[in-house]
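The chains referred to below are lettered A, B, ... by the order of the sequence lines, with proteins before strands, and numbering in each begins at 1. Source: prediction; values computed, not measured.
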Protein chains: 2
Amino acid sequence: MVVRLRDVAAAAGVSDATVSLALAGNPRISAATAQRVIAVANELGYRPNSAARALRTESTRSLGLIVSDVANPFFGELAGAIERQAAREGYSVILCNSDEDADRQDDYLLNMLAGSQVDGVLLVPTSSTTPGLRAVASSGAKVVLLDRPITVSGNGTAANSLRALPSVSSDPGRALAEAAELLTTLGHERIGVVSPPLDTPLGRVRRKQIRDALVAAGVRSRDIFVEEGDFRLNSGYRATTKLLEQRRPTAIIAADGPMGVGALKALRAHGLRVPHDMSLICFDDAPWFDLFDPPLTTIAQPIEELAKSAVATILALLRDETGKQLPAAHPECRFIRRSSCGVPAE
Amino acid sequence: MVVRLRDVAAAAGVSDATVSLALAGNPRISAATAQRVIAVANELGYRPNSAARALRTESTRSLGLIVSDVANPFFGELAGAIERQAAREGYSVILCNSDEDADRQDDYLLNMLAGSQVDGVLLVPTSSTTPGLRAVASSGAKVVLLDRPITVSGNGTAANSLRALPSVSSDPGRALAEAAELLTTLGHERIGVVSPPLDTPLGRVRRKQIRDALVAAGVRSRDIFVEEGDFRLNSGYRATTKLLEQRRPTAIIAADGPMGVGALKALRAHGLRVPHDMSLICFDDAPWFDLFDPPLTTIAQPIEELAKSAVATILALLRDETGKQLPAAHPECRFIRRSSCGVPAE
DNA sequence: CTGAAAGCGCTTACAG
DNA sequence: CTGAAAGCGCTTACAG
C-alpha cells in the first residue's frame, strides 16, 4: 500500500542505493539517472519511511517542545511560532504539555530523548531541577531551556551539565522599569504583586525583578506585597483576593496573562473599578487585551524572537558536537500602556 | 551514551529477546527473570529506541494533528486537550500548523502518513479537497476530519474513500436556535453575519445553519447579510466595516472567536457601543470573554468532548482493520448569554 | 522458559 | 557512475 524505496528502484530499473543517492541529490549519480529516479519517485508518491531513516541516520528531524500549559494563549502562540520556525528548517515539532507537573515533564523528557524520538527538546521547565532533567542533562542530551530559568547548586559534573544548558527567555528589565515609573508617577505607593510560585526559580527571579524595578522607581520595600500564584487564572483570583483583604494596595502587577485575567475577575467580584479603584498591569499580551474592560496594560513578551532564538539555539546545539557554550538569548519585553492604570483613589 | 536493549541484556546476563519479552510483560518469561531484567533496565535508564520499534512494529504510537491556526486560542486549547487524551492512551502528538494554506497541509499529510511518521492524522481541513487529502484517503491512511466538513462530489473510488473519512465536529444547532431567538425577542430584524470563506464547505454550512436558525426565529431572509471572512481577526474587522457601511444591521453574528474580536474592534473604531448601538454574538469561548467590554455572548464549542471524540475515533480507526464506517461524533455547542446583546437602538 | 536469527526500510562505506 | 552488502535497534516467529 505504501511505496518503498525498493518499489522506486524496481520501477526505475536501478538499485536501492542509486535511488537513495539520487533523491539526496548526490552528484555521484548521473544527471540522466537522477532525473529519471526523481520522476519515478514523484509519480509513485514515494516518501521515505521516517523510522527507517531515523534508525539509520540517528537523526529524526523532530524536536520536542514541552510547555507547562497549552491552554495559556502565550504558550499556544509560542508553540505556533516555534512550529513555523522549525518547519522552515525541515523539523517537525512534537508538542507536549506538562501541566506544571514535574513527573509528566520527566516522562516526556526521558521518553523523547532517551528513546531517540526527537533530536532535541525545547523545555519550559516546571520546577527547579527534576531527576529527569538532571539525568538527561548529564547524558549530554540536547536541551534548551525556554522562558524559565532553573537554579543549580553544587559543583559536581551533574550540576555543571545543568548549568551548561542554553537558555532562551525574555528580558523584562526595561519594560518593568517603565511600568514601575508609570505607577509611581501616577502616585501609587502600595503595590501588590501576583508572582509565580516562590519555590520555582522563575518565581524568585520575577519577585526580585519586580521589587528592584519598583524600589528603583521610589516605592518603599515594605510597601511591596507579594502574593504567590501558580501561573493559572484561579490562582490570580485567589492571590488578588488576599491582597485586597490583607494589604490594600492601590496597584497590582500580575506575572502572567492568566493570573492577570484572574486578578481582574477578583477585582470585579469585589466591586472595584479598574483603574479608578485599582490599577492593574500584567505580563504577556494578546490581540484581545485592548478589548478588555479596561484595556490591559502589559509587559509583552517578544514571542517571535523567543521562537526564533529557541529554534536557532537548539539547531546550533544539534550541529555542534564540540559542546561549546552557546550564548543565552534574552530578547527584550515591551511595555504596552493601555488604560488599566490610573491615579490612585483617595 | 544511550542505553540499548543489548546493554540491558548483557548486564542482566540474558538474550535480547528475553529483555524485549520481559519488558513487554510477556508471561513466557519467568517471574524471576522478568523482575531482574526490569530492575536492570530501570537502573540503566533504558528507553526503547522509538525509530527501531516503529520500523519493526510498523506503529509509531504518534498522531499527527494539523490545525489551521494555532494562534487561535480555540485551536490552542483543542490541541492541548487532544494531547492530554492521546497521552493517556500512550500516544504522542505531532503538532502541525497549516496556516490555512492547502499546500502546507498537503505537505504535512503526505510526509507524516506516506512517510510513516505517525499512525494517523487528525486534520482540520483548510479547503474542500486537496490533492494530498485525496491521495492519502484513497491509500487507506487513517485520517479523521476535525472541526470542519469537506464536500465530496463524484462517485469514483477516490470520492468514496473521501466520504468514508470519519468526521468529528460540534453541532451548533440548538445553540444557534437560542441565539436567533434571543435576537428576535430583543427586536432585531436586520442581522449581519461574518462567515467563514464561502468557498469552503464550513463557510457554506455555517451560512446555511445561521440563516436557517434566523429564519426559523422569524427574521426575513432578505434581512440577513452575509459578509465573508477568512477565520482571522483582520477579516472580521473588514467584514464588519462592510456590513456597517453597506447594510446597517442591528446585530452581528461572527463565526469564530478571532473574527468576533475583529468585529468588536471595528465597532469600536466606528464609535458604536455594544450592545447599545449593535448586538454581537460570536463562536467559541475563552476564560476571558466575560472580561471584554462588553462581555461577549457566544456559541461555545465543547472542546473537551471534541478532543475525546477525535482521539477515540482515530484510535478506533487504528485498531479496526475492517474499515467499517465509524459513527460521526457531533457534540453540541452551548449558548452562553452575556451582555453583548441588547435591544436595538432606534 | 530462553536463545539464535531474520527482517522492518533506509543510508553509506566499499567494490568494481 | 552504479550495485551488493552491512547494519541502525528493535520484535517475533521458530527452535530447542
Fill in: N or O in side chain of A/S30 less than 4.0 angstrom from D/dT2 OP1/OP2
yes
Worksheet item: Reckon B/T33 has a side-chain N or O less than 4.0 Å from the OP1 or OP2 of C/dT2?
Response: yes
Item to complete: Measure from the side-chain N and O atoms of B/S50 to the backbone N and O of A/G115, and report whether any donor-acceptor pair falls under 3.5 Å.
Response: yes
Worksheet item: Is there a donor-acceptor pair under 3.5 Å between the side chain of B/N111 and the backbone N or O of B/D107?
Response: yes
Within the 3.5 Å criterion, strictly below it, is a donor on [X] or [Y] matched to an acceptor on the partner's side chain?
X	Y	result
B/Q117	A/S92	yes
A/S68	A/E100	yes
B/S169	B/D147	no

Practice prompt. Kindly check if the number of other-residue, nucleotide or ligand heavy atoms within 6.0 Å of CG (A/N42) is above 12?
Written response: yes
Specify the separation, in whole Å, of atom [atom1] of [X] and atom [atom2] of [N].
X	N	atom1	atom2	answer
B/R56	D/dA13	CZ	P	7 Å
A/L21	C/dA13	CG	P	10 Å
B/Y46	D/dG9	OH	P	10 Å
B/R53	C/dG7	CZ	C1'	17 Å
A/L55	C/dC8	CG	P	13 Å
A/D16	C/dT12	CG	C1'	13 Å
A/R28	C/dA15	CZ	C1'	11 Å
B/D7	D/dC10	CG	P	9 Å

Among the nucleotides [options], which one has an atom lying closest to any side-chain atom of [X]?
X	options	value
A/P48	D/dT2, C/dG3, C/dC10	C/dC10
B/T18	C/dG3, D/dT2, C/dG9	C/dG3
B/N49	D/dC10, C/dA4, C/dG9	D/dC10

Worksheet item: Which part of the nucleic acid does B/S116 contact within heavy-atom distance under 4.0 Å: base, sugar-phosphate only, or nothing?
Response: nothing
Discussion item. Could you spell out the base pairing of DNA chain D as a dot-bracket line? Use Watson-Crick and G-U wobble contacts where both distances are under 3.5 Å, [ ] for crossing pairs, | for partners on a different strand.
Written reply: |||.||||||||.|||
Discussion item. Between A/T130 and A/Q105, does the side chain to side chain donor-acceptor pair (under 3.5 Å) criterion hold? Intermediate values first, please.
Written reply: CA-CA 9 Å; A/T130 58; A/Q105 166 191 297; 3.2 Å; yes
Response to the item:
Nearest-nucleotide check on DNA chain C, B/E58 vs B/G13; residue mapping nearer the 5' end is B/G13
